[in-house]
2 protein chains.
Amino acid sequence: MQLLEAKEKFIQQWGSLGSNWGINRTMAQIHALFLISEELLSAEDVMEALKISRGNANMNIRTLIDWGLVYKEYQAGERKEFFRGEKDIWKVTQRVMKMRQRQELDPMLNVLTQLQTVKSDKKNKEEVEAFTKQIKSIKSFAELADSSLTKISGSEENWFLKTFMKFMR
Amino acid sequence: MQLLEAKEKFIQQWGSLGSNWGINRTMAQIHALFLISEELLSAEDVMEALKISRGNANMNIRTLIDWGLVYKEYQAGERKEFFRGEKDIWKVTQRVMKMRQRQELDPMLNVLTQLQTVKSDKKNKEEVEAFTKQIKSIKSFAELADSSLTKISGSEENWFLKTFMKFMR
DNA sequence: CTGAACTTTCAATAATTTTTGAAAGTTTAT
DNA sequence: ATAAACTTTCAAAAATTATTGAAAGTTCAG
């Protein structure tokens, strides 16, 4: 396989992976492009490489910066902005987990907490009890996931790998 | 909060969680409905509860069955099919992980393996080396994720919790 | 200050994904 | 074999999500 073909293939595959991960296809493709580019890239470079519009490139690069997956950098003597991607796949994973924790798990936990306050009356006592029990069990699980994510996203790769290997043995 | 309102809220929230998880909104809502329903439900019941069409209900129930999140059951003396949801949230998580491993991680690993065969020539030797190195590091990570998922999806909740607690300490 | 170089915004448009519902298919009781 | 009860399919329609590109905004050198 030729390098160009391989790069293209990687970008496509990363794009489709991303789209199952709350990351839109183009954003994931831009991220893939950064993952395999040694050099700094400008918005223009991204537009050309992926054949997308200026607005689209700008918006998705911005979001990638918000996620901590791409950094803005200045190139001496250039007016234009340049970007570089986070290459460390472990850090990438941590950032994505953190972001999804905030966007998904935290709202879910809020709702689950509210749902525990459901009132029962004599008519539906049993039904309410069954409901509350199930909500409680989902909430416990969500809390476990939440604290694990918090721990993991603050940890070093080494710590993680070492402990994880033990865990998996 | 009233029970009905609480159920409605749970279904909505689970729906929006699902839509970030490669599970479409309606499928996730149907799943939520099953999570909080003690009784068996027919396709008709689901249609009514969520105000969706027959085709939609049928298709999504079928997919939930494929995912192992809903079971078909027969009610004595009834012609109609009835369904019951998997209530154990740990099992639900295992099934979802397993499914996503198959649908996302495995194809990714295949592509990564292919990409390692990229040919270099004198002109782009260094570029190919950098690319191969990065692909290799992504692949190692993906393999770690893959084997962890395989281990986790086959394990008992108790084993998992116990080991995980140790891990998180 | 001015204008060139660059970035951001956003309404219109396009692409994708989901839903509907009627028709076709299947199963079962008689 | 028939027909009623039920399930599945799928093309068309609706809803949602992503993309474009031109216009507005910003920054900075001269």
Side-chain angles (χ1 to χ4, degrees), chain A residues 11-12 14-34 40-67 70-84 99-100 103-104, chain B residues 11-12 14-34 40-67 70-84 99-100 103-104:
Chain A
I11 290 171
Q12 294 311 322
W14 201 258
S16 85
L17 185 72
S19 62
N20 290 106
W21 274 88
I23 293 166
N24 84 48
R25 167 180 242 69
T26 303
M27 179 169 155
Q29 288 180 345
I30 296 176
H31 181 228
L33 179 64
F34 275 109
L40 300 183
L41 301 177
S42 67
E44 203 96 13
D45 295 334
V46 171
M47 286 165 60
E48 278 172 25
L50 303 178
K51 312 261 190 292
I52 59 176
S53 73
R54 182 171 301 285
N56 197 6
N58 177 71
M59 219 166 90
N60 285 299
I61 291 173
R62 180 127 317 281
T63 310
L64 284 166
I65 292 173
D66 290 345
W67 283 48
V70 161
Y71 309 104
K72 208 182 271 199
E73 284 200 8
Y74 291 94
Q75 185 80 298
E78 284 270 15
R79 178 93 168 259
K80 226 183 276 189
E81 288 179 326
F82 283 82
F83 308 94
R84 124 184 121 75
M99 219 61 189
R100 304 198 73 197
Q103 293 180 352
E104 294 166 39
Chain B
I11 289 170
Q12 293 311 320
W14 201 257
S16 83
L17 186 72
S19 61
N20 291 106
W21 276 86
I23 293 166
N24 86 47
R25 170 180 240 70
T26 304
M27 178 169 154
Q29 288 180 345
I30 296 176
H31 180 227
L33 178 65
F34 275 110
L40 299 183
L41 301 176
S42 67
E44 204 97 13
D45 295 333
V46 171
M47 286 167 60
E48 277 172 27
L50 304 177
K51 313 258 191 294
I52 59 175
S53 71
R54 181 171 303 284
N56 199 6
N58 176 70
M59 221 166 88
N60 284 300
I61 292 173
R62 182 125 319 278
T63 309
L64 284 165
I65 292 173
D66 290 345
W67 282 49
V70 161
Y71 309 103
K72 207 181 271 197
E73 285 201 6
Y74 291 93
Q75 186 81 297
E78 283 272 12
R79 177 95 168 257
K80 225 183 279 192
E81 288 180 327
F82 283 82
F83 308 94
R84 121 183 122 76
M99 221 57 191
R100 303 198 71 196
Q103 292 180 352
E104 295 166 40

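Computed from a prediction, not measured in an experiment: that's the story for all the values here. Proteins come first, then strands; the chains are lettered A, B, ... in the order of their sequence lines, and each starts at number 1. Only heavy atoms go into these numbers, but all of them, side chains included; no hydrogens, no water, no symmetry mates.
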Report the residues that fulfil side chain to side chain donor-acceptor pair (under 3.5 Å) with K80(B), sequence neighbours left out, ordered by chain and then residue number. none
If the condition is side chain to side chain donor-acceptor pair (under 3.5 Å), which residues does R25(B) pass it with, not counting sequence neighbours? none
Give the B/S/- string for nucleotides 5-26 of chain C, one per nucleotide from 5' to 3', where a protein heavy atom under 4.0 Å of the base yields B, of only the sugar-phosphate yields S, and otherwise -. BSBBB--------SSBB-----
For the residue pair H31(B) and W14(B), categorise the inter-ring angle as parallel (less than 30°), tilted (30 to 60°) or perpendicular (more than 60°). tilted
Looking only at non-hydrogen atoms, find the nearest pair between A28(B) and G18(B) and report the distance. CB-CA, 3.9 Å
State whether a side-chain donor-acceptor pair under 3.5 Å links D66(B) with T63(B). no
